[in-house]
Amino acid sequence: QVQLVESGGGLVQAGGSLRLSCAASGRTFSNYAMGWFRQAPGKERVLVAAISWRDDNTYYVDSVKGRFTISRDNAKNTVYLQMNNLRPEDTAVYYCAADLGWDRLKLDQNADYWGQGTQVTVSS
């Protein structure tokens with residue numbers, strides 16, 4: 001089992017920044033590909049960013065490229081999502097996810113383990 005706890009969400013004005021953190025516990029964190037998903041009301045869950053276990057692959061959905069950066073610190077069992085130049089359309093609940101399979105996370109947009117989610121609200 002892997003337990004994931006997100007933090008760092010909140011209310012920010014358009015153009016502002018937030019950094020989300022996801023602390024993992026349980027099995028060896030460094031073995032897992034990590035991702036950040038988001039789900040807005042009435043919309044499907046979407047993979048926003050992902051990072052492979054060795055840190056050599058990253059993925060970003062087109063709408064966040066150049067604004068969001070995913071990173072991980074395996075020594076701290078933590079993955080981060082730095083979000084800059086936020087827009088109202090970034091408003092959603094953001095979920096951290098972990099899976100042993102990079103393709104499952106990125107292509108199937110699914111994962112074995114999920115956090116409880118953190119709300120990000122961007123006001124215009």
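Side chains are part of it too, since the values below use all heavy atoms of this structure and drop only hydrogens, waters and symmetry mates.
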Test of understanding: with side chain to side chain donor-acceptor pair (under 3.5 Å), list the residues that count as partners of Gln82, not counting sequence neighbours. Asn84
Sequence neighbours excluded, which residues qualify as side chain to side chain donor-acceptor pair (under 3.5 Å) partners of Ser123? none
Residues that Asn85 engages under side-chain contact (heavy atoms from CB on, under 4.5 Å), provided they are two or more places apart: Arg67
Holding to side chain to side chain donor-acceptor pair (under 3.5 Å), I want the full list of residues that pass it with Thr28, two or more places apart in sequence or in another chain. none
Under 3.5 Å, is there a donor-acceptor pair between the Glu89 and Thr91 side chains? no
Taking the side chain as everything from C-beta on, heavy atoms only, tell me whether Tyr80 gets closer than 4.5 Å to Arg72. no
Val48, Val120, Val79 screened by side chain to side chain contact (heavy atoms under 4.5 Å, CB included) with Leu20, the one that passes: Val120
Any sub-3.5 Å donor-acceptor pair from Tyr60's side-chain atoms to Ile70's backbone N or O? yes
Name each donor-acceptor pair under 3.5 Å that joins a side chain in residues 29-42 to protein atoms two or more places apart or in another chain, with its distance.
{"from": "Arg38", "atom 1": "NH1", "to": "Asp90", "atom 2": "OD1", "distance (Å)": "2.9"}
{"from": "Arg38", "atom 1": "NH1", "to": "Tyr94", "atom 2": "OH", "distance (Å)": "2.9"}
{"from": "Gln39", "atom 1": "NE2", "to": "Lys43", "atom 2": "O", "distance (Å)": "3.1"}

For a 4.5 angstrom cut-off between non-hydrogen side-chain atoms, does Leu4 reach Trp114? no
Using the side chain to side chain donor-acceptor pair (under 3.5 Å) criterion, which residues pair with Gln109? Sequence neighbours excluded. none
Donor-acceptor pairs under 3.5 angstrom involving side-chain atoms of residues 98-108: please list them, not counting sequence neighbours.
{"from": "Asp99", "atom 1": "OD1", "to": "Gly101", "atom 2": "N", "distance (Å)": "2.8"}
{"from": "Asp99", "atom 1": "OD2", "to": "Arg104", "atom 2": "NH1", "distance (Å)": "2.5"}
{"from": "Asp99", "atom 1": "OD2", "to": "Asp112", "atom 2": "N", "distance (Å)": "2.9"}
{"from": "Arg104", "atom 1": "NH1", "to": "Asp112", "atom 2": "OD1", "distance (Å)": "2.8"}

